[in-house]
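What follows is a set of notes on a single structure, which appears directly below.
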Amino acid sequence: MNGNDEMRRLFQEAGLGSPPVPAEMVSLVEQRGPWAFATRDINPMGMYMFQDYVFEVLTGPVDDYMAVSHAGHGANSYAISYHLVMGPLAVFAQTGWGGVYMDKEKSTADVRNLLNHCAELLDALQNSSLPAQRHDGRLVVAESTLRRSFCRWLDAPLTDKDAIWPWLDETPRYKQTPGGPHPALTQATHLLRTGQIPPN
């Protein structure tokens with residue numbers, strides 16, 4: 001069984017649905033750990049902590065990749081995290097799942113909902129004129145029920161890590177709640193479907 005098939009089997013048997021994978025990446029998916037699948041080397045705990053991979057995209061060129069993992073710490077701090085960097089889009093999505101004190105049925109539904117929104121966003125990208133245009137920048141989308149959520153066009157990678165916090169401080173945040181409407185993903189999908197790029 002290849003990595004993509006194993007990923008789909010594991011997630012579907014857990015009732016989580018299927019993490020969306022662009023057709024051109026399907027054959028590149030490899031299992032990187034017990035609950036980690038990606039088309040590149042990836043650190044599941046780094047995905048859970050969320051910040052490092054977002055900063056990677058904000059400060060330099062990053063090759064296209066897809067990754068999904070389940071990671072966390074302690075008794076209740078666990079999440080499913082999904083990344084997709086593809087052309088002019090970079091998505092980092094996360095919601096809690098697998099903690100001892102979490103409502104299993106609700107958190108499982110939350111993951112399905114999140115991955116469905118990610119699939120809609122991928123579909124919007126693939127049907128958008130944006131990939132055919134030449135851009136140095138990316139639409140950066142962060143959607144987390146545990147951390148900050150935002151959607152903003154980045155004209156070009158920031159010069160260094162010192163520029164990250166001022167850029168983030170200027171970026172409007174979305175209020176996020178578990179099981180909510182995933183406003184950053186919804187906004188990004190709307191922007192791609194309507195051909196708009198968010199203002200800086």
Side-chain angles (χ1 to χ4, degrees), residues 19-20 22 42-69 71-72 77 79-97 107 110-111 113-126 128 130-131 133 135-200:
I42 205 78
N43 182 326
M45 195 63 189
M47 292 182 70
Y48 168 77
M49 296 304 291
F50 208 65
Q51 177 175 290
D52 287 350
Y53 289 106
V54 177
F55 283 13
E56 180 184 52
V57 161
L58 292 179
T59 57
V62 176
D63 291 338
D64 290 358
Y65 78 94
M66 170 271 169
V68 65
S69 67
S77 297
I80 295 290
S81 302
Y82 172 85
H83 295 181
L84 177 64
V85 175
M86 184 176 179
L89 178 67
V91 181
F92 306 91
Q94 180 181 76
T95 192
W97 185 79
S107 62
D110 289 346
V111 174
N113 186 22
L114 182 74
L115 294 178
N116 285 340
H117 274 80
C118 290
E120 291 175 7
L121 181 53
L122 173 58
D123 180 72
L125 174 68
Q126 293 176 325
S128 168
L130 193 57
Q133 301 172 18
H135 288 293
D136 293 326
R138 276 188 167 129
L139 183 61
V140 183
V141 187
E143 187 77 89
S144 174
T145 59
L146 310 178
R147 312 175 204 285
R148 74 168 65 212
S149 296
F150 66 85
C151 170
R152 185 178 177 191
W153 180 261
L154 178 69
D155 282 324
L158 301 173
T159 54
D160 55 48
K161 289 190 175 181
D162 290 338
I164 292 175
W165 292 112
W167 188 86
L168 288 174
D169 288 342
E170 296 169 359
T171 302
R173 301 187 191 190
Y174 292 96
K175 186 177 181 181
Q176 180 59 273
T177 57
H182 301 300
L185 293 172
T186 300
Q187 174 69 358
T189 300
H190 170 75
L191 291 169
L192 288 174
R193 285 180 173 163
T194 58
Q196 300 178 52
I197 293 175
N200 287 319

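As the structure is a prediction and not an experimental result, all values here were calculated from the model.
- For S69 and S81, the side-chain atoms include no donor-acceptor pair closer than 3.5 Å.
- Side-chain atoms of N113 never come within 3.5 Å of backbone atoms of N116 as a donor-acceptor pair (strictly under, hydrogens ignored).
- Note: T59 OG1 to K161 NZ = 6.5 Å, rounded to the nearest 0.5 Å.
- The minimum heavy-atom distance linking P61 with P157 is given by the pair N-CG, 4.4 Å.
- The two residues Y48 and A71 come nearest to each other via the heavy atoms CD1-O, 3.3 Å.
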Should I164 and V54 be marked as a side-chain contact (heavy atoms from CB on, under 4.5 Å) after you check the CA-CA gap, both sets of side-chain angles, and the distance that decides it?
-> CA-CA 10 Å; I164 292 175; V54 177; over 6 Å; no
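- Atom OG1 in T145 sits 11.5 Å away from atom CD1 in I80 (nearest 0.5 Å).
- A donor-acceptor contact shorter than 3.5 Å links the side chain of R138 to the backbone of G87.
- Atom-to-atom distance recorded for D160:CG and L58:CG is 12.0 Å, nearest 0.5 angstrom.
- The CZ atom of R173 lies 7.5 Å from the CG atom of L168; values are rounded to the nearest 0.5 Å.
- Under the 4.5 Å side-chain criterion, counting only non-hydrogen atoms from C-beta, D110 is not in contact with W97.
- Nearest heavy atom pair, residue M45 against residue G72, reads SD-O, 3.6 Å.
- Within the model, atoms CG of L125 and CZ of R193 stand 11.5 Å from one another, a figure rounded to the nearest 0.5 Å.
- Atom-to-atom distance recorded for F55:CZ and W167:CH2 is 10.5 Å, nearest 0.5 angstrom.
- Counting heavy atoms from C-beta outward, Y82 and M66 have side chains that approach closer than 4.5 Å.
- Minimum heavy-atom separation, P22 to M86: CG-SD, 3.5 Å.
- For the pair Y53 (side chain) and I42 (backbone), a donor-acceptor distance under 3.5 Å is absent.
- Without hydrogens or angle criteria, S144 side chain to S149 main chain gives no donor-acceptor distance under 3.5 Å.
- Q187 places none of its side-chain heavy atoms less than 4.5 Å from the side chain of E143.
- W153 pairs with exactly one of L191, V140, L139 by the side chain to side chain contact (heavy atoms under 4.5 Å, CB included) rule, that one being L139.
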Kindly indicate, with the supporting measurements, whether the criterion side-chain contact (heavy atoms from CB on, under 4.5 Å) is fulfilled by T95 and S107.
-> CA-CA 8 Å; T95 192; S107 62; over 6 Å; no
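- Under the 4.5 Å side-chain criterion, counting only non-hydrogen atoms from C-beta, L185 is not in contact with E120.
- Panel note: side chain R147, backbone Q94; no donor-acceptor pair is recorded below 3.5 Å.
- Annotation for C151 and Y174: closest pair N-CE1, 3.6 Å, computed over non-hydrogen atoms.
- Around CG of D169, the count of heavy atoms belonging to other residues, nucleotides or ligands within 6.0 Å exceeds 12.
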